[in-house]
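Lettering of chains follows the sequences in order, A, B, ..., and the numbering in each one begins at 1.
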There are 2 protein chains.
Amino acid sequence: MAQERPLPSVLGRMWGHEPVSRRGPRPRLDLATIIAAAIEIADAEGLAGVSMANVAARVGVATTALYRYIDSKEDLLTVMADSAAPLPPEPDGMPWRDYLALWTRTQRDLLLDRPWLLSIDTLIPPMGPRRLLWLDRALAALAGTGLDDGEKINVATALVGYALTDAALVQSVTGGDPRMEEAGISGAADYGEVLTGLLDPETYPSLSAAMRSGVMEGAVGWVGDDDFRFGLDLLLDGVEALIGRRALRDRSDGE
Amino acid sequence: MAQERPLPSVLGRMWGHEPVSRRGPRPRLDLATIIAAAIEIADAEGLAGVSMANVAARVGVATTALYRYIDSKEDLLTVMADSAAPLPPEPDGMPWRDYLALWTRTQRDLLLDRPWLLSIDTLIPPMGPRRLLWLDRALAALAGTGLDDGEKINVATALVGYALTDAALVQSVTGGDPRMEEAGISGAADYGEVLTGLLDPETYPSLSAAMRSGVMEGAVGWVGDDDFRFGLDLLLDGVEALIGRRALRDRSDGE
DNA sequence: GCCGTACTGTGTATGTAATTCATAGTTTCA
DNA sequence: TGAAACTATGAATTACATACACAGTACGGC
């Protein structure tokens, strides 16, 4: 019923609602082909390589032919971002905590594997079939925890957000960001060194002390697996605490 | 000593290392003036309005004159992102949890107030004087909690990350994102409606159930203050648990 | 006081991309 | 068989960022 809401063209096509046309020459392309080509280019050359001309060349049509399938480059990127996601891992009866940890890590690893996603994805509500599938699985994993739907969604949201920011951070520190490269920084140790030279201990007492004590040379440098787990556990511990509270409340409600 | 590392021009200028030049006409501009102009434009017209030509016109010079002060537009954006941040709130002896909550919220509100920051800022290690000041204050707030420097930094990182993703989400849902607007979605209720029409209950059992039960029409729609606090408390509960564990360990170490 | 030099701002020119539009060609339905 | 509906194309337009050569300016040594 609500189906009637007219979807904008790209979103519609994303969900397989291709326009049913009779007349005219058979289309030489479909959205999937275009997206696949665009993703291949992005994987190989980064987002910078994804120009309309480039994509068109790859699928063997003139640049402007693409505009029959998408309305703008923006749309292309949006659809790419959804299609680039693999299927979510299957729960297989895992405890919620294990599943959500895997769920989050897999998303982060995806972002590291396809760093161009980071340039498209600022966190927005998922609209594509793939991303929504991920969300669905997170909610499923939280079934039976006593959280309500809203809470489950918020938990999932916080976790994707973490995957996103952590990947962005790791990516920038390990040399992906031009802003870091320009500063001659590759790796946390460099960063610590630069900061040590830059920070006036009067103005930045705590930070400068931390840097001088060599935090960045040791275990903490944002990019280690420990660092990822640290934030993840912060969140999951929070979730666990919440679930505990809910259980308590529900028990006393039942009396 | 480490001061000697040659900073790239913009980064250096950000820290007040203006080049000491004798000869030649007195410069008509300085970096601060340019940044201020760029920020005014961004506040008024969004990032799209920030073209080199526009900024130059505003400060009353030819477009290409800007290149005497910055190397590229990218650099301009980077410096803008740092300068746009206000001074961090003062701790005033607040408990760490209260301070960090305020600290995070203030940053999120800044991002909502200047949405263009969201387009510049993917999470990267802070390099500018303002952002580093924020980091310093977070570390200071965690003094005496028993966390080590690395842990403190990781806590702060997780919190900024949360501020960033939450702001991005709110921003997109409340109409800031072209991708949402294009789908005719403004507000969580619209989102819920669209999804209800789109989702096949077989493929998306949990999510579709949640949508049909009207989550998005109720309290949860990502944009409410409750939703912000939800994720924030998740993190802070996690931090609290960690601090508790550290205290326990330290006590038994001391015996 | 004068002149060269180092440095500043200007105007022009170039290259890259996205996007619009009129056109020519291709199927299918009546 | 012809018209209608639709496809791909190429040329043209627009908006930028940026490189470069030039002209003017002020300081510092003589």
Side-chain angles (χ1 to χ4, degrees), chain A residues 8-10 12-13 17-35 37-38 41-42 45-80 116 119-120 178-179 182, chain B residues 8-10 12-13 17-35 37-38 41-42 45-80 116 119-120 178-179 182:
Chain A
S9 67
V10 209
R13 277 206 165 98
H17 304 181
E18 301 268 346
V20 259
S21 58
R22 299 284 100 175
R23 306 273 238 277
R26 203 162 303 131
R28 278 231 292 280
L29 301 171
D30 58 359
L31 192 57
T33 310
I34 298 176
I35 303 305
I41 295 174
E45 309 169 34
L47 254 207
V50 181
S51 65
M52 298 304 262
N54 243 331
V55 176
R58 184 160 199 119
V59 295
V61 296
T63 305
T64 54
L66 298 182
Y67 288 92
R68 292 264 156 218
Y69 302 87
I70 51 164
D71 286 341
S72 67
K73 186 178 178 177
E74 261 250 358
D75 282 356
L76 174 62
L77 297 178
T78 305
V79 187
M80 282 171 71
W116 50 270
S119 311
I120 302 180
R179 289 172 278 182
E182 190 183 349
Chain B
S9 68
V10 208
R13 276 205 165 97
H17 303 181
E18 300 270 347
V20 259
S21 56
R22 298 286 100 176
R23 306 274 239 279
R26 204 161 304 131
R28 278 232 293 281
L29 301 171
D30 57 359
L31 191 58
T33 309
I34 297 176
I35 302 305
I41 296 174
E45 309 169 36
L47 253 207
V50 181
S51 65
M52 297 305 261
N54 242 331
V55 175
R58 183 158 200 124
V59 295
V61 296
T63 306
T64 54
L66 298 182
Y67 288 91
R68 293 265 163 221
Y69 301 86
I70 51 165
D71 286 340
S72 67
K73 186 177 179 181
E74 260 252 357
D75 282 355
L76 175 62
L77 297 177
T78 306
V79 186
M80 282 173 71
W116 50 269
S119 312
I120 302 179
R179 288 170 280 181
E182 191 184 347

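- Between Thr63(B) and Pro25(B), the residue whose closest nucleotide on DNA chain D is further toward the 5' end is Thr63(B).
- The side chain of Arg23(B) lies closest to dG4(C), out of dA17(D), dT9(D), dG4(C).
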Show me the donor-acceptor pairs within less than 3.5 Å that the side chains of residues 45-61 of chain B make with the rest of the protein, sequence neighbours left out.
from, atom 1, to, atom 2, distance (Å)
Ser51(B), OG, Asn54(B), N, 3.1
Asn54(B), ND2, Gly49(B), O, 2.8
Arg58(B), NE, Glu40(B), OE1, 3.1
Arg58(B), NH2, Glu40(B), OE1, 2.7

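- Ile34(B) has its CD1 atom 13 Å from the C1' atom of dT8(C), to the nearest Å.
- Between the CG atom of Leu66(A) and the P atom of dT19(C) there is a distance of 11 Å, given to the nearest Å.
- With rounding to whole Å, Met52(B) atom CE is found 18 Å from dA15(D) atom P.
- Taking CG of Leu31(B) as the reference point, atom NE2 of His17(B) lies at 13.0 Å (rounded to 0.5 Å).
- Using a 4.0 Å heavy-atom cutoff across all strands shown, Ala65(B) reaches at least one base atom of the nucleic acid.
- dC7(C) atom P lies 17 Å from atom CG of Leu29(B), rounded to whole Å.
- In this structure, the CG atom of Asp71(A) is 10 Å from the P atom of dT19(C), given to the nearest Å.
- Note: CD1 (Ile70(B)) to C1' (dT18(D)) measures 11 Å, nearest angstrom.
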Using the side-chain contact (heavy atoms from CB on, under 4.5 Å) rule, take Asp75(B) and Met80(B) through it: C-alpha gap first, then chi angles, then the decisive distance, then the call. CA-CA 8 Å; Asp75(B) 282 355; Met80(B) 282 173 71; over 6 Å; no
Test side-chain contact (heavy atoms from CB on, under 4.5 Å) applied to Ile34(A) and Leu76(A), step by step: CA-CA 9 Å; Ile34(A) 298 176; Leu76(A) 174 62; 4.0 Å; yes
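- The base of dG9(C) does not come close enough to the side chain of Arg28(B) for any donor and acceptor atom to sit less than 3.5 Å apart.
- Between the CD atom of Glu74(B) and the C1' atom of dA17(D) there is a distance of 12 Å, rounded to whole Å.
- The bend of the helix from dG1(C)-dC30(D) to dA30(C)-dT1(D), defined by the angle between the axes of its first five and last five pairs, stands at 10° to the nearest 10°.
- Each of Arg68(B) and Tyr69(A) has a nearest nucleotide on DNA chain D; the 5'-most of these lies closest to Tyr69(A).
- Here the C1' atom of nucleotide dC27(D) and the CZ atom of Arg26(B) are 10 Å apart, to the nearest Å.
- Inter-residue side-chain proximity for Val10(B) and Thr78(B) is flagged as unmet; no heavy-atom pair is nearer than 4.5 Å.
- For a distance-only test at 3.5 Å, the side chain of Thr64(A) qualifies as a donor-acceptor partner of the base of dG10(D).
- A donor-acceptor contact shorter than 3.5 Å links the side chain of Tyr69(A) to the backbone of Leu29(A).
- Considering only heavy atoms from C-beta on, Ile35(B) stays 4.5 Å or farther from Arg13(B) through its side chain.
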